[in-house]
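Have a look at the structure below before the remarks.
What you see is a predicted model, and the numbers here were worked out from it, not measured in a lab. Position 1 is the first residue of the sequence, and the numbers go up from there.
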Amino acid sequence: MKRSTERILTTHTGSLPRPEDLVPLLQAKDTGALPDQTALDERVRTAVQEVVRRQADTGIDVLNDGEMGKIGYATYVKERLTGFDGEETARTPRGEARDFPEWAARRQLPLDVRRPTCTGPIAWKNFAEVDRDIGNLTAAVQGVNQEEVFMSAATPGVVAHFLGDHYYGSEEKFVYALAEVMRDEYRAIVQAGFVLQLDSPNLAMARHSRFADQTLPEFLTVAELHVEALNYAVRDIAPDRMRLHLCWGNYEGPHHLDVPLGTVLGMALKARCGAVSFEGANPRHAHEWAVFKDLKLPDGLVIIPGVLDSTTNFIEHPELVAERLVRYANVVGKENVIAGTDCGFGTFTRATPTVDPAIAWAKLQAMAEGARIASAALW
């Protein structure tokens with residue numbers, strides 16, 4: 001994994017705005033109504049080419065495929081794995097909705113949601129889609145100016161967060177079954193020469209959503225289990241080929257019940273990863289850069305703080321981006337900082353993006369400009 005040895009490098013969290021004509025194809029596949037798989041595969045291939053070139057033109061150094069072929073960063077696995085043939089109605093604790101009911105009503109937040117559920121043994125049924133993603137990205141980056149390439153994959157814990165279980169009977173058995181299978185995807189990504197990004201928003205987000213009705217120690221016990229299962233899955237991969245992403249949910253809302261970064265960071269750093277990506281720009285977490293003043297960064301660890309809020313259409317000023325980057329660099333060392341985003345700009349295809357696609361790209365350009373300003377100040 002490259003470090004910011006000569007200048008502050010730039011990256012993002014994974015999902016990027018999808019072309020308008022690709023979205024209905026992905027949605028049709030998700031509902032089982034896709035008339036032509038070949039047409040979807042071809043459009044995903046060209047969309048990856050387009051998004052790779054646009055990242056490079058925008059000034060993104062460590063780029064990816066924008067998750068063009070995925071319906072969502074976590075739920076995509078239900079199309080690739082056996083066992084997820086069931087469906088259930090799940091009631092998610094919503095403390096934010098309780099405290100701010102008018103806000104929840106305007107957002108039309110349902111209390112009960114339908115979700116895919118595991119009803120049988122988990123195994124691969126369509127690993128060809130992993131190969132397709134790898135092949136598309138491998139071809140797309142040829143001849144494109146970039147420092148490094150990454151590809152995202154869901155962690156066992158985040159899959160367990162979004163998909164139910166009526167087969168394994170315990171959280172531990174469920175996440176370890178997922179870990180045993182998902183390790184094939186992880187290894188394939190690294191063997192292709194990409195940095196593996198392990199998406200694990202559950203390490204923070206689950207506190208005020210799935211486990212909102214439990215105590216903090218109870219939540220941390222489950223989160224520790226998720227880290228242990230992840231480490232089991234990536235036990236054969238060098239830490240410096242992996243980075244971990246955690247966040248508090250990529251939505252515009254109160255977030256007043258978010259668990260502090262300082263409470264979960266130590267647990268997250270137990271993951272065998274050479275970098276950690278986290279929210280650092282939005283109004284609820286921007287102040288938490290100070291956590292690193294009291295934390296000795298583990299040797300070799302890179303931090304990827306979000307310097308762009310992925311839930312607002314404000315375009316951050318490059319000077320603000322630079323200010324944030326310099327602040328982190330002065331605390332942990334400039335070589336240990338890569339500029340990132342709070343979360344993705346297209347995390348779920350089913351949802352209308354909060355940030356207008358053209359504005360999302362303008363924000364990324366502002367990040368690149370801010371990184372250049374910060375680099376000039378630091379070197």
Side-chain angles (χ1 to χ4, degrees), residues 1 13-15 64 67 70-81 83-84 115-116 118 122 124 127 129-130 133 150-165 168 170-190 194-207 209-211 219-250 259 264-279 301 304 340 343-344 347-348:
M1 185 184 306
T13 302
S15 62
N64 80 330
E67 300 180 11
K70 295 176 178 176
I71 189 68
Y73 72 93
T75 54
Y76 75 92
V77 302
K78 71 183 179 67
E79 302 293 335
R80 304 182 180 190
L81 303 178
F84 291 98
R115 66 177 183 177
C118 181
I122 298 171
W124 284 105
F127 196 80
E129 291 201 2
V130 178
D133 288 348
F150 77 96
M151 180 173 280
S152 304
T155 60
V158 81
V159 174
H161 179 86
F162 284 105
L163 306 184
D165 169 49
Y168 288 97
S170 76
E171 187 83 8
E172 181 175 8
K173 291 179 180 178
F174 188 33
V175 294
Y176 270 92
L178 286 163
E180 190 63 54
V181 175
M182 291 298 293
R183 68 189 296 243
D184 294 333
E185 180 172 340
Y186 304 155
R187 287 188 294 184
I189 290 171
V190 174
F194 305 142
V195 171
L196 168 64
Q197 175 171 297
L198 294 156
D199 286 329
S200 202
N202 52 294
L203 296 182
M205 174 178 64
R207 174 67 188 112
S209 54
R210 185 183 175 200
F211 298 107
F219 159 71
L220 291 174
T221 297
V222 177
E224 292 267 7
L225 170 64
H226 289 176
V227 172
E228 291 167 3
L230 175 60
N231 284 342
Y232 171 78
V234 300
R235 61 190 182 276
D236 299 326
I237 301 175
D240 67 354
R241 300 306 299 161
M242 299 181 289
R243 64 193 216 186
L244 180 78
H245 171 67
L246 64 89
C247 71
W248 289 264
N250 194 27
V259 62
V264 297
L265 184 58
M267 171 263 299
L269 292 183
K270 293 179 182 179
R272 295 183 63 256
C273 295
V276 59
S277 158
F278 56 91
E279 295 184 43
L301 185 75
I304 310 174
C343 200
T347 48
F348 291 106

Check salt bridge (charged side-chain N to carboxylate O under 4.0 Å, His left out) between [X] and all other residues, then give those that pass, not counting sequence neighbours.
X: Glu171; answer: Arg210
X: Lys270; answer: Glu224
X: Asp165; answer: none
X: Glu180; answer: Arg183

Contacts of type side chain to side chain donor-acceptor pair (under 3.5 Å), residue Asn231, not counting sequence neighbours: none
All side chain to side chain donor-acceptor pair (under 3.5 Å) counterparts of Tyr168, not counting sequence neighbours: none
Compare every heavy atom of [Y] with every heavy atom of [X], then report the nearest pair and how far apart it is.
X: Ile189; Y: Ala153; value: CD1-CB, 4.1 Å
X: Gly249; Y: Met205; value: CA-SD, 3.6 Å
X: Leu198; Y: Cys273; value: CD1-SG, 3.8 Å
X: Ala179; Y: Ala229; value: CB-O, 3.5 Å
X: Tyr76; Y: Ala154; value: OH-N, 3.1 Å
X: Ala160; Y: Leu178; value: N-CD1, 4.2 Å

Among Leu220, Leu269, Leu203, side-chain contact (heavy atoms from CB on, under 4.5 Å) partner for Val264: Leu220
Partner set under ring-ring contact (aromatic ring centres under 6.0 Å, His included) for Phe348, not counting sequence neighbours: Tyr73, Phe162
Contacts of Phe194 that satisfy ring-ring contact (aromatic ring centres under 6.0 Å, His included) - sequence neighbours left out: none
Suppose we screen for side chain to side chain contact (heavy atoms under 4.5 Å, CB included). Which residues come up paired with [X], at least two apart in sequence or across chains?
X: Val190; answer: Leu196, Ile237, Arg241
X: Ser277; answer: Thr13, His245, Ile304
X: Asp240; answer: Ala238
X: Pro116; answer: Lys78, Leu163

Mind checking whether [X] and [Y] have side chains closer than 4.5 Å, heavy atoms only?
X: Pro239; Y: Met1; value: no
X: Tyr186; Y: Asp236; value: no
X: Phe127; Y: Val181; value: no
X: Cys247; Y: Cys343; value: yes
X: Ile122; Y: Phe174; value: yes
X: Arg80; Y: Val130; value: yes
X: Glu172; Y: Tyr176; value: yes
X: Asn202; Y: Leu246; value: no

Side chain to side chain contact (heavy atoms under 4.5 Å, CB included) between Val195 and Met242, worked out: CA-CA 6 Å; Val195 171; Met242 299 181 289; 5.9 Å; no
Ser15 vs Lys70, side chain to side chain contact (heavy atoms under 4.5 Å, CB included): CA-CA, chis, key distance, verdict: CA-CA 9 Å; Ser15 62; Lys70 295 176 178 176; over 6 Å; no
Whether [X] side chain and [Y] backbone form a donor-acceptor pair below 3.5 Å:
X: Thr155; Y: Asp199; answer: yes
X: Glu279; Y: Trp248; answer: yes
X: Asn64; Y: Ser152; answer: no

Stepwise side chain to side chain contact (heavy atoms under 4.5 Å, CB included) test for Leu225 and Thr221: CA-CA 6 Å; Leu225 170 64; Thr221 297; over 6 Å; no
Glu79/Ile71 under side chain to side chain contact (heavy atoms under 4.5 Å, CB included): CA gap, chis, key distance, verdict: CA-CA 10 Å; Glu79 302 293 335; Ile71 189 68; 5.6 Å; no
Nearest-0.5 Å distance, OH of residue Tyr232 to CE of residue Met182: 14.5 Å
